[in-house]
Structure formats: C-alpha cells, structure tokens
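Order of appearance sets the numbers: ligands from 1, and atoms from 1 within every ligand. The shown structure was predicted, so the numbers you read here are calculated from the model rather than taken from an experiment. Computation of the quantities below employed the complete heavy-atom set of this structure, encompassing side-chain atoms and omitting hydrogens, waters and symmetry-equivalent molecules.
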Amino acid sequence: MVDKIESDICIIGAGIGGLTAGALLTKKGYRVIIFEKERLIGGRALSFDTSSFTLENYKDLLSRFKMHVPFSEPNLETIFKENMLEGYKLDLGYHAIGGGVLSNLNSILSELDDHVEILESHVGFIKDDGFDFPFLSRTDKLKILPNIFRLLFSSEKTMKQLDSVSMTETIKKYGKGKMKLILEIFSRSITTVNNLDRISTGEMFRTQRNLYRGSKPVGYPKNGLSSIHQKLADFITQNDGEIHLEKPVKKIIFDENKATGVAVENKEYSFKTIVSNVLAQDLFNIADEKYFPKEYVKNIKSLKGTGSLCAYYSLKKIDSNLLGKTFHFIERNIGVDGNDAVGMIDFMIALPESGLAPSSDYLVQSYIICTPDEAKDKEMLNTLRELLDKNLEKLMPDFHSHLKWAIYPAVWHLDGVAKTIDNTKLEIKTPVQNLYIIGDCVKAPGIGINCSLNSAKMLCDTLFSSS
Ligand SMILES: Cc1cc2nc3c(=O)[nH]c(=O)nc-3n(C[C@H](O)[C@H](O)[C@H](O)COP(=O)(O)OP(=O)(O)OC[C@H]3O[C@@H](n4cnc5c(N)ncnc54)[C@H](O)[C@@H]3O)c2cc1C
C-alpha cells in the first residue's frame with residue numbers, strides 16, 4: 001500500500017548531515033520527514049549519557065557503527081558492574097570539530113538564529129622531552145606561513161591540478177625543516193590517513209582553507225555533540241517537520257529512472273525528493289543497483305573510509321597546564337600503512353565546563369590514525385594502544401597513578417569516504433532523478449563533520465536552484 005505524505009522531502013538518516021539538511025530545508029519552507037534506524041539521533045557523531053547504558057547496550061551500539069572496544073582498563077564488565085561511567089557523556093570515539101567558533105557549524109546554526117558554545121584550542125606538539133604549545137612559534141610562522149599561504153590560497157584551477165598530486169610529492173618540493181613536519185602531520189590529521197602517497201594535495205589544502213574560517217583550529221561543543229543534534233532536531237520538529245526514530249528505511253522505491261518513495265516497516269510512502277544520509281557504501285542495501293549506471297555502482301563499491309584507535313581516559317588529577325589544550329604527535333616507523341602514524345590528545349574536554357564528566361574527574365580523549373583493516377587487527381591495535389599511552393605519559397608521566405578507567409574504541413568507518421587520490425568522491429545529485437546523497441561521503445569542503453555540514457548546505461543550494 002502506498003501512503004501519500006503531505007511532505008516534500010524524505011531524508012534517510014538523522015546523522016549530523018541529515019539533521020542539518022532537515023533544519024535548513026525546513027527553514028526554507030519545505031516539509032521534511034526524517035526516518036532514522038537507531039533510537040538516538042546523531043549517527044556517527046553521536047554522544048550519549050553512559051549512565052543509562054548497560055554493557056550489552058554499549059557493545060551493541062558500537063557494533064552498529066562498525067566499532068568495538070579491543071581494550072579497556074579495568075575490563076568493560078567491571079567498568080559497567082561498578083557504575084564507573086556514572087555521570088559521563090561519551091561519543092562513539094574521539095571527536096573534535098575543525099575550525100573553532102566561526103566554524104561551518106556556527107555559521108549554519110546562525111541561519112537558524114541559534115548557536116552552540118564551543119570550547120576551542122590551538123594545537124601543540126608532543127616531543128620526547130615535553131611539548132610545544134602552540135605548535136608554531138612566532139618565528140616559525142614568519143618563516144613558514146608565506147609558503148603555506150601560497151598553497152592555501154592558490155586558485156581553484158591550481159587546486160584542481162593539485163588534486164592528483166600526492167602529499168609525498170608536495171613534501172618533497174616544499175618540505176624543509178619544520179615545514180616538512182607540519183605538512184606531514186597536518187595532512188594526516190586532516191584526512192585521517194597515514195599514507196602520504198594516498199593523500200591528495202588539492203583536497204588537503206582545500207580542507208585546510210576551510211578550517212581558516214575559525215578562530216582556533218579545533219573545537220568541541222559544551223555538553224557534547226548531542227547539544228548540536230538536539231538544536232537541529234528541535235528546529236525541525238517545531239516547524240512542522242517530523243523525525244521518526246527506530247524506523248529504518250528498508251528500500252527506496254523507483255519508477256524507471258526516478259526515485260518516488262521509500263518503504264518503512266510494511267508501508268510505502270511517496271515523496272517528491274529523497275535524500276540519503278546513509279553511508280554511501282551502504283546505499284545498495286536499500287536501493288536496487290539496477291537503477292544506477294554500472295560505473296556509478298562500481299565506484300561506490302570501491303570507496304574506502306578511514307579508521308582509528310581512540311582512547312578515553314578518566315583521571316582523578318590533571319596538570320593544570322594541560323587543561324583546555326590539544327596536542328598532535330607523530331610516531332615513526334611503526335609498520336602502519338604509510339609507515340608513520342599521527343594522533344592527537346585532547347584536554348579541552350577535561351575542562352569542567354565541557355559538561356562531560358562528574359565534577360570529581362577529568363576526561364581526556366585521544367586517537368591514532370590507522371586504516372580500516374588495521375582497526376580490526378588485534379596485534380596492530382595493541383601497538384597503537386601502547387603509543388597512545390606513551391604519548392599521554394610524555395605529557396603526564398604519572399598518569400597511570402591517576403587513572404580511574406580507560407576505554408579504547410576502535411573504528412573502521414570513521415570517515416565515510418577517505419579524501420584520497422584513489423577515491424572518486426560522489427556528487428550530491430545522483431544519476432537517478434529526485435535522489436540526492438549527503439554526508440561525509442560526498443564531494444563537499446572539509447572532512448568528517450564539516451564535510452557533512454557543507455554537503456547539507458550544498459544540497460539546499462542544489463534544490464533551491466532547481467525549484
Ligand atoms: C569514532 C569516530 C570518531 C570520529 N572523529 C571525528 C572527528 O574528530 N572530527 C570529525 O570531523 N569527524 C569525526 N568522525 C567522523 C564524523 O563523525 C562523521 O563524518 C559524521 O558524523 C558523519 O555524519 P553523516 O551525517 O554524514 O553520517 P552518519 O553519522 O553516518 O549518519 C547516517 C545516519 O543514517 C542512519 N541510517 C543508516 N541506514 C539507515 C536506514 N536504512 N534507514 C534510516 N536511517 C539509516 C544511521 O543510523 C545514521 O544515524 C568520527 C567518526 C567516528 C565514528
């Protein structure tokens with residue numbers, strides 16, 4: 001049976017991309033319905049109150065987002081049995097948003113007359129004998145920035161040429177001294193890819209240019225990522241939109257070369273426009289590939305995401321000099337794809353005003369980049385875990401004695417599509433009429449959350465220009 005719904009647009013998925021698109025389209029007067037398969041909104045940028053979770057809930061949630069916890073201290077059973085997570089809010093794993101208060105995020109929220117308060121930080125660098133904060137001194141900046149700016153503000157024509165140039169080649173050309181270190185670290189942390197041969201110079205500098213919109217390089221919203229999602233969801237539902245949780249779309253309905261509706265539970269609904277926010281690689285779980293050109297299907301199936309091992313540390317005490325700061329580190333010759341691995345440690349969320357931990361504790365998050373396959377390899381994960389701990393130890397030599405618990409989530413689908421030379425990113429408009437794709441799998445500025453936000457904005461521009 002087909003139900004006609006008095007809505008213009010169906011969005012499949014309430015990730016940050018789907019919610020942003022939903023809010024912006026609602027603002028423009030469209031009636032939007034979102035179907036989300038999970039019982040929580042936010043997708044991979046989920047943050048949740050751990051107090052209400054059992055161990056089974058937690059493990060199940062992670063597995064639904066292609067994650068697991070290979071290590072913890074003490075074991076997860078004890079952590080849950082002794083309610084050690086009482087009063088904490090965690091994401092699925094480490095999150096920071098590139099670009100500070102003027103970021104893509106707050107520029108979008110300002111269109112809804114709203115904003116989120118963001119904790120912001122410059123980024124320091126962990127050395128064998130301590131750290132530099134910020135990473136670049138004033139003298140470094142004077143020496144390095146002219147070259148960086150030349151690359152950063154190249155014309156789009158030059159950027160397009162740089163799309164197929166690997167960071168390995170760019171570093172050979174421009175990378176001397178600290179400039180080399182910066183290019184090696186930032187290109188990896190921006191793309192979440194360690195292999196410099198795979199990182200596209202054009203993509204990397206476009207993304208970095210996008211980050212310069214902000215006042216400080218990284219930020220994290222007070223009270224967790226859910227504070228963003230709730231604002232977007234409230235805007236949608238207060239303006240006649242609908243969000244249906246635990247309602248997975250089973251299939252997209254086609255009429256020849258046109259998407260005409262969706263099937264949810266045992267009903268079919270027709271819509272004028274259908275927007276998929278699901279991981280691109282999962283599209284053909286709900287869409288019959290026979291409606292798409294063969295090359296398109298082949299490309300989507302070949303797209304690769306990124307991975308990492310994260311760590312959450314709950315500490316009883318912290319050095320006040322570290323509070324509010326974030327740091328990069330690089331580990332050489334450790335046998336990962338690309339040989340060297342980059343990671344970050346964040347003490348922004350350890351600030352009491354982050355609202356993520358009970359007032360007696362400090363929460364610290366970190367991650368180290370790996371490939372999706374490495375994120376499933378226990379031996380490799382063990383090496384990566386030791387490196388995460390080693391880098392925290394460099395900043396806080398006595399961290400073990402202040403540790404209440406540690407959880408190390410591994411993810412093999414961090415970014416939907418790695419912004420690398422070998423992945424051909426997707427356009428928002430699909431080859432099928434009335435069907436659009438948004439999220440971090442498409443060709444939009446930025447990586448991760450920023451890419452999803454910008455894809456939602458681009459979708460709106462596309463729909464307005466065609467209406
Ligand atoms: C552990 C981890 C750490 C990360 N760290 C960072 C970071 O530090 N900085 C950063 O910028 N990015 C980071 N990312 C990436 C970032 O979280 C994602 O880029 C972003 O959340 C993607 O949002 P999205 O809306 O595009 O997709 P998703 O969040 O994947 O949203 C898709 C939604 O669709 C739903 N869905 C799927 N199938 C169906 C269906 N059939 N019917 C209905 N609903 C469906 C899903 O449940 C989900 O809610 C991280 C990701 C992970 C997992």
Item to complete: Sorted by first residue and then second, give each salt bridge (charged side-chain N to carboxylate O under 4.0 Å, His left out) pair with at least one member in residues 443-461; sequence neighbours left out.
Response: E111-K457, E427-K443
Discussion item. Holding to side chain to side chain contact (heavy atoms under 4.5 Å, CB included), I want the full list of residues that pass it with K258, two or more places apart in sequence or in another chain.
Written reply: T260, Q433, N434
Contact table, ligand 1 N/O with protein N/O, distance under 3.5 Å:
from	atom 1	to	atom 2	distance (Å)
ligand 1	5 (N)	Y94	O	2.8
ligand 1	8 (O)	A96	N	2.9
ligand 1	8 (O)	A96	O	3.3
ligand 1	9 (N)	A96	O	2.8
ligand 1	11 (O)	I449	N	2.9
ligand 1	14 (N)	H95	NE2	3.4
ligand 1	17 (O)	H95	NE2	2.9
ligand 1	19 (O)	D440	OD2	2.6
ligand 1	21 (O)	A45	N	3.3
ligand 1	23 (O)	S452	OG	3.2
ligand 1	25 (O)	I16	N	3.1
ligand 1	25 (O)	G17	N	2.8
ligand 1	25 (O)	N277	OD1	3.3
ligand 1	25 (O)	N277	ND2	3.0
ligand 1	26 (O)	D440	N	3.1
ligand 1	26 (O)	S452	OG	2.7
ligand 1	27 (O)	R44	NH2	3.2
ligand 1	29 (O)	R44	N	2.7
ligand 1	30 (O)	R44	NE	2.8
ligand 1	30 (O)	R44	NH2	3.0
ligand 1	41 (N)	V249	O	3.1
ligand 1	42 (N)	V249	N	2.9
ligand 1	44 (N)	K37	N	3.1
ligand 1	47 (O)	E36	OE2	2.6
ligand 1	49 (O)	E36	OE1	2.6
ligand 1	49 (O)	E36	OE2	3.2

Worksheet item: What ring-ring contact (aromatic ring centres under 6.0 Å, His included) pairs are there with at least one residue in residues 415-456, not counting sequence neighbours?
Response: none
Worksheet item: With distance as the sole test, does H115 use its side chain to make a donor-acceptor pair with the main-chain N or O of D113 at under 3.5 Å?
Response: no
Worksheet item: Quick one: does L426's side chain get under 4.5 Å of V417's, heavy atoms only?
Response: no
Worksheet item: Between Y58 and F48, how do the two ring planes meet: parallel, tilted or perpendicular, split at 30° and 60°?
Response: tilted
